[in-house]
Amino acid sequence: MKFREKLLKIKVPFNNKKPKKVYSILCNRNRFDPVFRLILAGEIVNKEKRDNLILFTSSKNNYFNKIFENFGIKKHLYLNLSELLSLNFIKSFYFFLKAILIIIYFSFFKINYFIENFSIKKNKVGRLIYEDYHRRNFNYRKKKKLISINFFIKIFLAYLLVDYLENFVKEHQIRYIFLNDNNYLSPQSILFLLGKKYKIKTVLLGQEKIIKYSKKKDYIKRFYVLEKSDFKKKVSKTEINKYLKKRFDGSVKNKDHINAFKNKKILNKDILQTQIKRNFRNYRKTILFCPHAFSDSTMGLGDFIFNDYYEFYCESLKKMSSIEDILWIIKLHPTRKFYNEIGIGEKYLKGLNTKNLVICPDNFHTLSLIKCVDAVVTGRGTVTCEAASVGVESLAFKVNRFQNLNFYTKYKSKKDYFNKLRFIHKPPNLSLKKKNYAKKALFLMNQKYFTTRDKIFLDERKVKNTEEYLKNVIGFFETKPKKIYDSFYYKKLKQVLI
C-alpha cells in the first residue's frame with residue numbers, strides 16, 4: 001500500500017476535548033508537512049484550552065481534509081470562488097459590479113497606485129492581488145496591464161474573501177489563527193491581515209520555524225532575517241569552514257545551492273573573459289548582477305523599491321546599459337527552471353541591444369565568478385553574504401535577511417539605487433573580521449532556517465521524496481503515537497502557545 005493511502009487509514013485521538021465557545025482557526029495549505037504542524041497546533045490548544053477548532057480549506061473533496069478529520073478536526077469551512085458565490089447571490093452580484101468599477105477606476109492610474117491604495121474594509125489587499133497575479137498569470141510583457149480577466153477575478157475574489165472572513169472573525173471569539181503562509185491572495189493572507197486588525201494572536205508555522213504575532217511590534221518579524229542576537233552563539237571556525245566547503249561544493253541539500261555550485265566550472269579572470277568574449281581592460285569596473293526569481297514574492301522580507309523582481313531586473317538593466325564604462329555580467333537565478341522562467345531574462349536583454357551587458361552561462365560556479373569581479377549587485381540575495389565572505393563588495397537593498405549587519409553597501413530608494421549603480425561611492429572596508437562575520441552569517445542562516453532537529457517531522461526539502469517523509473511520520477503514528485508529545489517540535493510549539 002502506498003504511504004499516501006496508508007495515511008488515510010490512520011486515526012489518532014487528537015483534538016477530542018469537549019470544546020468551549022472559543023475558536024481557533026487553522027488554514028490548510030494542502031501540503032503534508034504544513035498539515036501536520038497545523039494538526040499539532042490544534043491539538044495543543046484543544047487539549048490545554050479546549051478551543052473549538054475550525055479548518056478553512058479550498059475544496060470539499062480534498063485528500064487533506066480527510067487527514068484533518070482523522071485527527072479529530074471535523075469542522076470544515078470551504079473557501080473557493082464557487083462556494084463563496086453560493087452563500088449569498090445578491091451580495092456576490094454586488095461585489096461583481098463593484099469589482100468592475102474598481103478595475104475601470106484604477107486603470108486610469110499606474111499600477112503602483114492600485115498596489116499602494118486599494119483596500120477592502122480598510123484591509124490593504126492591493127499588493128496581495130498584484131503579487132498573486134504576477135506569480136500565476138503575468139505574461140512578462142514590458143507594460144503591465146491592469147484590465148484583464150484574471151486581474152478582475154482576483155479583485156472579485158478578494159471582496160468575497162474579506163467579506164466572509166471578516167464577518168466570521170467579528171461574530172466569533174477567536175483565540176488563535178494558525179497559518180503556514182501570508183503571501184499572495186489567499187484565505188491565509190486575508191486572515192493574517194484580520195488578525196492584525198482585530199488583535200487576534202496569529203501564528204505562522206514553517207518547518208520548525210514559529211512566529212507568534214500578538215503585539216503591533218511583532219508584525220515586523222520575518223522568518224529569514226538574522227538578528228544580532230543570533231551572533232552570540234559560539235561556533236568554531238572549523239565548524240563554519242566545514243559547512244562552507246559543503247555549501248560551495250553543492251553537497252548541501254538545498255536546490256539553490258546545488259544549482260549554483262554542484263559540478264560547476266571553476267573560473268579565473270582569463271577564463272571568464274574568454275568565455276563571455278569581453279576584455280575587462282576596456283571598462284572601468286566589472287560588476288556581477290544577480291537578480292531574483294522573477295515570480296517570487298517581494299513581501300516575504302518586507303517592503304521593496306520595485307513592484308516585483310521582474311521589474312527590478314528590467315529597470316536595473318536599463319540603467320546599467322546607460323553606464324557604459326562598467327561591464328555588467330548577469331547571473332540569472334540558478335533555480336529559474338523550477339519557476340518556468342527559462343528564456344525570459346535572456347529575451348529582455350536581447351531587446352536592449354547593448355554591448356556592456358552579458359549573461360553568463362549557468363554552468364559557471366557562482367563563488368569563483370564573484371572572485372573575478374569588482375562588486376556584486378542584488379536585491380536581497382544570499383550572494384550578499386557570499387561576496388563579503390571573500391572580500392568583494394555587494395550592493396543590496398537595506399531590508400533583507402542580513403539587514404542588521406554592516407558588511408555590504410545598502411540602498412534605500414530607487415534614486416539611491418540608481419546613483420550607487422555608478423560605483424563611485426566609497427565601498428565598505430571588508431576586513432578579515434568582517435569576512436569572517438559574513439562566513440558566520442552564512443552558517444547561522446543555514447542553522448536557523450534550513451536545519452531541523454525533530455526526528456518525526458523531517459525537513460521535506462532534505463528527504464528524497466514525499467513517500468520517505470510519510471514513511472517516517474506514519475511509523476510513529478502506527479507504533480508509538482504518544483512519542484509525538486516528547487518530540488522536539490511539539491515541545492517547542494507548546495512552549496510558544498501555552
Side-chain angles (χ1 to χ4, degrees), residues 207 223-224 226 235-272 274-276 288-296 309 329-342 345-346 359-373 376-392 394 396 400-402 407-408 435-453 458-466 468-469:
Q207 278 87 38
F223 271 147
Y224 297 102
L226 279 178
V235 188
S236 69
K237 286 185 179 180
T238 303
E239 195 174 359
I240 291 171
N241 290 333
K242 184 178 179 182
Y243 162 72
L244 291 178
K245 185 179 185 305
K246 285 185 177 181
R247 179 190 180 97
F248 296 132
D249 284 345
S251 55
V252 175
K253 289 184 179 180
N254 179 298
K255 66 178 184 290
D256 288 344
H257 300 159
I258 291 169
N259 290 330
F261 304 114
K262 191 170 185 178
N263 300 324
K264 300 297 181 180
K265 187 170 186 174
I266 303 298
L267 305 165
N268 59 37
K269 286 187 178 183
D270 291 335
I271 295 173
L272 178 58
T274 301
Q275 290 287 321
I276 64 173
L288 177 65
F289 178 43
C290 297
H292 296 259
F294 300 146
S295 57
D296 233 355
Y309 288 129
I329 301 174
I330 303 160
K331 180 77 165 120
L332 293 171
H333 196 274
T335 317
R336 68 190 186 284
K337 185 178 180 181
F338 178 80
Y339 299 103
N340 297 316
E341 294 176 1
I342 296 293
E346 294 90 337
I359 291 178
C360 69
D362 288 334
N363 68 334
F364 287 0
H365 189 280
T366 301
L367 190 66
S368 70
L369 186 56
I370 291 169
K371 292 177 181 178
C372 295
V373 299
V376 174
V377 174
T378 184
R380 294 161 156 159
T382 53
V383 70
T384 304
C385 243
E386 291 166 351
S389 73
V390 292
V392 175
S394 57
N400 65 34
R401 62 193 70 188
F402 311 114
F407 48 64
Y408 67 99
K435 286 191 279 188
N436 288 333
Y437 210 58
K439 290 177 182 179
K440 187 175 181 179
L442 287 169
F443 174 85
L444 290 174
M445 188 180 69
N446 180 70
Q447 287 288 306
K448 188 174 182 180
Y449 304 115
F450 301 104
T451 303
T452 56
R453 294 173 58 182
L458 305 177
D459 189 339
E460 280 187 301
R461 299 163 297 187
K462 295 183 179 180
V463 295
K464 292 180 181 177
N465 50 46
T466 304
E468 183 181 336
Y469 174 86

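Counting from 1, the numbers follow the sequence of the chain as shown. Because only heavy atoms are used, hydrogens play no part in the values below, and waters and symmetry mates are left out as well, while side chains stay in. Here the structure is a predicted model, which is why all the values come from computation and not from measurement.
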Student: Within a reach of under 6.0 Å around NZ of Lys448, are more than 12 heavy atoms found that belong to other residues, nucleotides or ligands?
Tutor: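 Result for NZ/Lys448: enclosed.
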Student: Got Ser394 and Val383 here, is their nearest side-chain heavy-atom distance under 4.5 Å?
Tutor: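 They are not in contact (no side-chain heavy atoms under 4.5 Å apart), so the answer is no.
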Student: When you compare the side chain of Asp362 with that of Pro334, does any pair of heavy atoms fall below 4.5 Å?
Tutor: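 Not in contact.
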Student: Check whether any side-chain heavy atom of Lys435 lies under 4.5 Å from a side-chain heavy atom of Val390, and answer yes or no.
Tutor: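 No; the side chains remain at least 4.5 Å from each other.
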Student: Would a 4.5 Å heavy-atom cut-off, applied to side chains only, mark Phe261 and His365 as touching?
Tutor: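 Answer yes - side chains close enough.
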Student: Would you check if Leu288 and Val392 make a side-chain contact, meaning some heavy-atom pair closer than 4.5 Å?
Tutor: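 Result no, sub-4.5 Å side-chain heavy-atom pair not found.
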Student: Report the residues that fulfil ring pair (Phe, Tyr, Trp, His ring centres under 6.0 Å) with Phe407, sequence neighbours left out, ordered by chain and then residue number.
Tutor: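 So Phe407 forms no ring pair (Phe, Tyr, Trp, His ring centres under 6.0 Å) with any residue.
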Student: Taking atom CG of Asn363 as the centre, does the number of heavy atoms from other residues, nucleotides or ligands within less than 6.0 Å exceed 12?
Tutor: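 Correct, the count exceeds 12.
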Student: When you compare the side chain of Thr366 with that of Ile370, does any pair of heavy atoms fall below 4.5 Å?
Tutor: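 They are in contact (side-chain heavy atoms under 4.5 Å apart), so the answer is yes.
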Student: Atom CG in Leu367, atom NZ in Lys371: separation rounded to 0.5 Å?
Tutor: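 Atom-to-atom, Leu367:CG and Lys371:NZ are 5.0 Å apart.
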Student: Taking C-beta and beyond as the side chain, do Leu226 and Lys440 meet within less than 4.5 Å on heavy atoms?
Tutor: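 No, too far: nothing below the 4.5 Å cut-off.
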Student: If you measure from CG on Leu369 to CD1 on Ile276, what distance do you get to the nearest 0.5 Å?
Tutor: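 Answer rounded to 0.5 Å: 8.5 Å.
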Student: For residues 377-391, pull every pair meeting side chain to side chain donor-acceptor pair (under 3.5 Å), keeping only residues two or more places apart or in separate chains.
Tutor: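 Those involving residues 377-391 are Arg247-Glu386, Tyr309-Arg380.
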Student: With a 3.5 Å cut-off and no angle check, do the side chains of Glu341 and Ser295 form a donor-acceptor pair?
Tutor: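 A pair is found: one side chain offers a donor N or O, the other an acceptor, under 3.5 Å apart.
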Student: Determine whether Gln275 and Phe364 make a side-chain contact, defined as any pair of heavy atoms from C-beta on separated by less than 4.5 Å.
Tutor: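 Yes, side chains in contact.
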